[in-house]
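Computed from a predicted model, the values in this text were never measured in an experiment.
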Amino acid sequence: MSSDVHGSGRADDGRVAEGSGVDREFLALERELAVFLRRARASSGDMAREVHPELEPAAYGLLVRLDEADRQRATELAAWFGVGKATMSRQLRALEELGLVTREPDPADGRASLVALTEEGRARFRRVRDARRARYVRKLAGWDRAEVAELARLLHQLNVRAEGGAQGVRAEGGAQGVRAEG
């Protein structure tokens, strides 16, 4: 007997229709992920505008990555997000024009440069990130900490498996090929 997916109080065999081969749990997962991703995309746009009114939603993920990893080459960022060098170059140029990132020579290779958040970029990003985390705390106030930890663990597991375990965990979303994170 399968679990009751949406609290309807009915127990069933987990199938939508005999012979369809579609599990009710996976349909529920698909539906909930679609809602979650729609909200995440909208939230990413809102957060990007809070950082800077001209910031594209897709670029918010770059701020997340640079805050976590500090200075990185553009090629490393492109590989992390799974986008081309040209796409990454456009995103970084836009962030640089907004004063959120800076480029400096790579001491290991003078031909390359390292991208880093400016002090202003880091301050703006962290203010928005901290406000978002406070919203999470409020929205999940009725949850037990163990439930929050379990949700985080399951999402991590889903992300790792979706990526095939390669290059860490990334969250889908955003435009122009750069995934929104954070």
Side-chain angles (χ1 to χ4, degrees), residues 35-143 145 147-149 151-153 155-156 158-160 162-163 166-182:
V35 171
F36 181 79
L37 292 172
R38 179 180 50 78
R39 287 183 179 154
R41 281 194 275 304
S43 177
S44 182
D46 293 343
M47 290 183 299
R49 284 185 295 279
E50 288 178 42
V51 171
H52 191 286
E54 297 175 37
L55 183 64
E56 291 185 32
Y60 184 82
L62 285 170
L63 301 179
V64 172
R65 180 67 185 153
L66 288 169
D67 188 60
E68 291 174 348
D70 202 25
R71 304 177 311 161
Q72 288 204 295
R73 290 183 180 182
T75 53
E76 293 171 325
L77 290 167
W80 174 261
F81 286 101
V83 299
K85 292 177 188 177
T87 298
M88 184 55 59
S89 180
R90 280 191 302 275
Q91 289 287 340
L92 291 173
R93 191 171 29 259
L95 289 171
E96 200 169 13
E97 289 171 3
L98 295 175
L100 301 174
V101 301
T102 186
R103 296 177 198 243
E104 55 192 56
D106 184 346
D109 181 353
R111 300 168 298 170
S113 62
L114 295 173
V115 180
L117 289 173
T118 62
E119 285 184 36
E120 176 73 10
R122 189 173 307 279
R124 285 174 173 246
F125 165 74
R126 287 186 175 173
R127 178 182 47 80
V128 171
R129 181 201 58 198
D130 292 348
R132 184 193 64 228
R133 288 187 179 160
R135 285 192 297 272
Y136 288 160
V137 169
R138 284 191 307 274
K139 286 181 180 181
L140 300 177
W143 289 36
R145 287 255 181 197
E147 291 173 319
V148 175
L151 176 60
R153 186 191 69 75
L155 287 172
H156 174 78
L158 178 66
N159 286 325
V160 167
E163 289 295 327
Q167 293 186 331
V169 177
R170 296 177 224 151
E172 298 268 337
Q176 298 181 5
V178 177
R179 297 177 184 131
E181 298 188 5

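- A donor-acceptor pair shorter than 3.5 Å can be found between the side chains of R90 and T87.
- Counting non-hydrogen atoms of neighbouring residues, nucleotides and ligands closer than 6.0 angstrom, the CD atom of E119 reaches no more than 12 such neighbours.
- The minimum heavy-atom distance between P57 and S44, with the atom names listed, is O-OG, 3.4 Å.
- Residues G99 and E120 share a closest heavy-atom pair of O-CB, 4.4 Å.
- R135 has its side chain within reach of R138: a pair of non-hydrogen atoms, C-beta onward, lies under 4.5 Å apart.
- Within the 4.5 Å cutoff, the side chain of Q91 has no heavy atoms near those of the L77 side chain.
- A heavy-atom distance below 4.5 Å is not found between the side chains of R124 and L63.
- Other residues, nucleotides and ligands contribute only 12 or fewer heavy atoms inside 6.0 Å of the CZ atom of R145.
- Using modelled atom types, no side-chain atom of R153 and backbone atom of A149 make a donor-acceptor pair closer than 3.5 Å.
- One finds the CZ atom of R41 at 11.0 Å from the CZ atom of F36 (value rounded to the nearest 0.5 Å).
- The heavy-atom pair separating E50 from R127 by the smallest distance is O-NH2, 3.2 Å.
- Side-chain atoms of F81 and L62, non-hydrogen and from C-beta on, do get closer than 4.5 Å to each other.
- A salt bridge links R122 with D70: the distance from a Lys NZ or Arg NE/NH1/NH2 to an Asp or Glu carboxylate oxygen falls below 4.0 Å.
- Remark: M47 CE to F125 CZ distance equals 8.5 Å, nearest 0.5 Å.
- The minimum heavy-atom distance linking P107 with L114 is given by the pair CD-CD1, 4.0 Å.
- When all heavy atoms are compared, the tightest approach of L66 to V115 is CD2-O, 3.5 Å.
- Taking all atoms of both residues into account, the shortest heavy-atom contact from M88 to A74 is CG-O, 3.6 Å.
- Between R103 and L92, the closest side-chain pair of non-hydrogen atoms falls below 4.5 Å.
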